[in-house]
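In what follows, chains carry the letters A, B, and so on, assigned in the order in which the sequence lines appear, proteins first and then strands, with residues in each chain numbered from 1.
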Protein chains: 2
Amino acid sequence: MQDAEKRPYHHGDLRRTIIETAMDIMNEEKGWQFTLREVSRRAGVSHAAPYKHFPDKAALLNELALLGFDRLYEALVAAKPRQPNVIRDAFLAIAQAYLDFGKSNPALYRLMFSAEAGKAADVHLNERALAAFGVLIALLERGQSEGKLRNRDVRGQATACWAEMHGVTLLTIDGLLLPEKVGPNALDNALLTLLEGLEK
Amino acid sequence: MQDAEKRPYHHGDLRRTIIETAMDIMNEEKGWQFTLREVSRRAGVSHAAPYKHFPDKAALLNELALLGFDRLYEALVAAKPRQPNVIRDAFLAIAQAYLDFGKSNPALYRLMFSAEAGKAADVHLNERALAAFGVLIALLERGQSEGKLRNRDVRGQATACWAEMHGVTLLTIDGLLLPEKVGPNALDNALLTLLEGLEK
DNA sequence: ACCTGAACACCGTTCAAGT
DNA sequence: ACCTGAACACCGTTCAAGT
């Protein structure tokens, strides 16, 4: 990712390199509290160079969070239930995809929902985050029209699902859902409990 | 809280003052990224003084998080449902108390579940956090024995409730549950959806 | 147009020295 | 036993100067 010796003075694509390097660091450590100077070091540029591509560190974090919502949305729409026409399978596939995304990108997931990223205007409720919410809405509407799910306010149901998945993902990332504390199948059972609240 | 001029050299109760000052700062700003030097300044001591009471900043954060779990537990057991013998009322009262705690102490709540606090050993799954989880378990067991709730794995149900409340609380704190996006009663409806998954 | 080097104000942490 | 002052290594950010 960083072949600093090959570039004489101008990097060429420093902006992309900064983003990729930051993502790399987040994958290695499990937090997003990396240092801009460390990113610069790895990218083989001076610590002032990033400021030609981002106004400040918050802007970089902002960009990373937006990329995260992109990837989360893609992960959700890519979820392939075994029987797509079975609403329960579709729900569980999406829930699993959501959880897997968080487990695969813990630092990025935390950053996406951190207050730090939220400060910068439209990160949280951007169109990509709402698109992910829309995947949920669409599924629930389909389930209701098929007569499988209770006819309640869809946005309330979607909020319940989102909160549950958000909570489960964070608790898992933070290592709080230890089997010896909450039981071996607590996670699966938790999702089923919510599902039963959705189903008729 | 800080009358620096009254104390000549020795503070007397600096440890407590540091904790209280840190809590004050967290209440003012909505984050826990305060500076140890700022705490010292407010407390009217040198920036080296805190190191006589805490090994490092992480230890102070650790202590604050533990205090947070104490308060959360107390808030949950203090929840007074209108009709305590009605399991649904008891559930909603606890959920409301949990959410209210988070809304009243956003910075502290975030700190309690932050990876930063989690690093320090036993913060997350300490006896107080488990005590709060126990409040949930007890309620669900009562509901099952009364025949009001489905006879499923109690720890799975408790995990579902905890994740839902954790998710709802964080999404609320972060300002993501805007009425114009998720609907006016999405929050209440979300809790009812989960409740229907618990009830027979 | 893009990058560097030195500089500034700030942290967390340490430690000899003060009371 | 508790606190201070100076010191160290580190940040984020700025800016004149280099290519």
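- One can place CG of B/Leu36 at 15 Å from C1' of D/dC3, the figure rounded to the nearest angstrom.
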Pairing annotation in dot-bracket form, given for DNA chain C with Watson-Crick or G-U pairs under 3.5 Å and | for cross-strand partners: ||.|||||...|||||.||
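- Between A/Phe54 atom CZ and D/dT14 atom C1' the separation is 18 Å, expressed in whole Å.
- Every residue was checked against the side chain to side chain donor-acceptor pair (under 3.5 Å) condition with B/Asp188, not counting sequence neighbours, and none meets it.
- Projected onto DNA chain D by closest heavy-atom contact, A/Pro55 and B/Leu14 fall at different nucleotides, the more 5' of which corresponds to B/Leu14.
- Note: CG (B/Leu61) to P (C/dC11) measures 15 Å, nearest angstrom.
- Taking atom CG of residue A/Asp13 and atom P of nucleotide C/dA1, one finds them 18 Å apart after rounding to whole Å.
- Following rounding to the nearest Å, A/Ile18 (CD1) and C/dC2 (C1') show an atom-to-atom distance of 12 Å.
- Counting only residues at least two apart or in different chains, salt bridge (charged side-chain N to carboxylate O under 4.0 Å, His left out) contacts with residues 93-112 of chain B comprise B/Arg110-B/Asp174.
- For B/Tyr73, the OH atom sits in a loose shell: 12 or fewer heavy atoms of surrounding residues, nucleotides or ligands are nearer than 6.0 Å.
- Residues satisfying the side-chain contact (heavy atoms from CB on, under 4.5 Å) test with A/Lys80, not counting sequence neighbours, are none.
- The nucleotide whose nearest atom lies closest to any side-chain atom of A/Tyr51 is, among D/dT14, D/dT4, C/dT13, D/dT14.
- Nearest to the side chain of A/Val45, among D/dT13, C/dT4, D/dT4, sits C/dT4.
- Remark: A/Glu74 engages no residue in a side chain to side chain donor-acceptor pair (under 3.5 Å) (not counting sequence neighbours).
- If A/Lys52 and B/Asp56 are placed on DNA chain C by their nearest nucleotide, the residue sitting closer to the 5' end is A/Lys52.
- The phosphate of D/dG12 (OP1 or OP2) has a side-chain N or O of A/Lys57 nearer than 4.0 angstrom.
- Rounded to whole Å, the distance from CZ on A/Arg15 to P on C/dA1 is 17 Å.
- A/Tyr98 contributes atom OH, which lies 6.0 Å from atom NE2 of A/His166 (distance to the nearest 0.5 angstrom).
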May I have the list of side-chain donor-acceptor pairs in residues 43-55 of chain A shorter than 3.5 Å, sequence neighbours left out?
unit_1, atom_1, unit_2, atom_2, d
A/Ser46, OG, A/Ala48, N, 3.3
A/Ser46, OG, A/Ala49, N, 3.4
A/His47, NE2, A/Arg37, NH2, 3.4

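- By the side chain to side chain donor-acceptor pair (under 3.5 Å) test, B/Gln33 is found to be paired with no residue, residues two or more places apart in sequence or in another chain being considered.
- When the side chain to side chain donor-acceptor pair (under 3.5 Å) test is applied to A/Asn189, the partners found at least two apart in sequence or on another chain are B/Asp153.
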Protein and nucleotides 5-10 of chain D: nitrogen or oxygen contacts under 3.5 angstrom:
unit_1, atom_1, unit_2, atom_2, d
D/dA6, N6, B/His47, NE2, 3.4

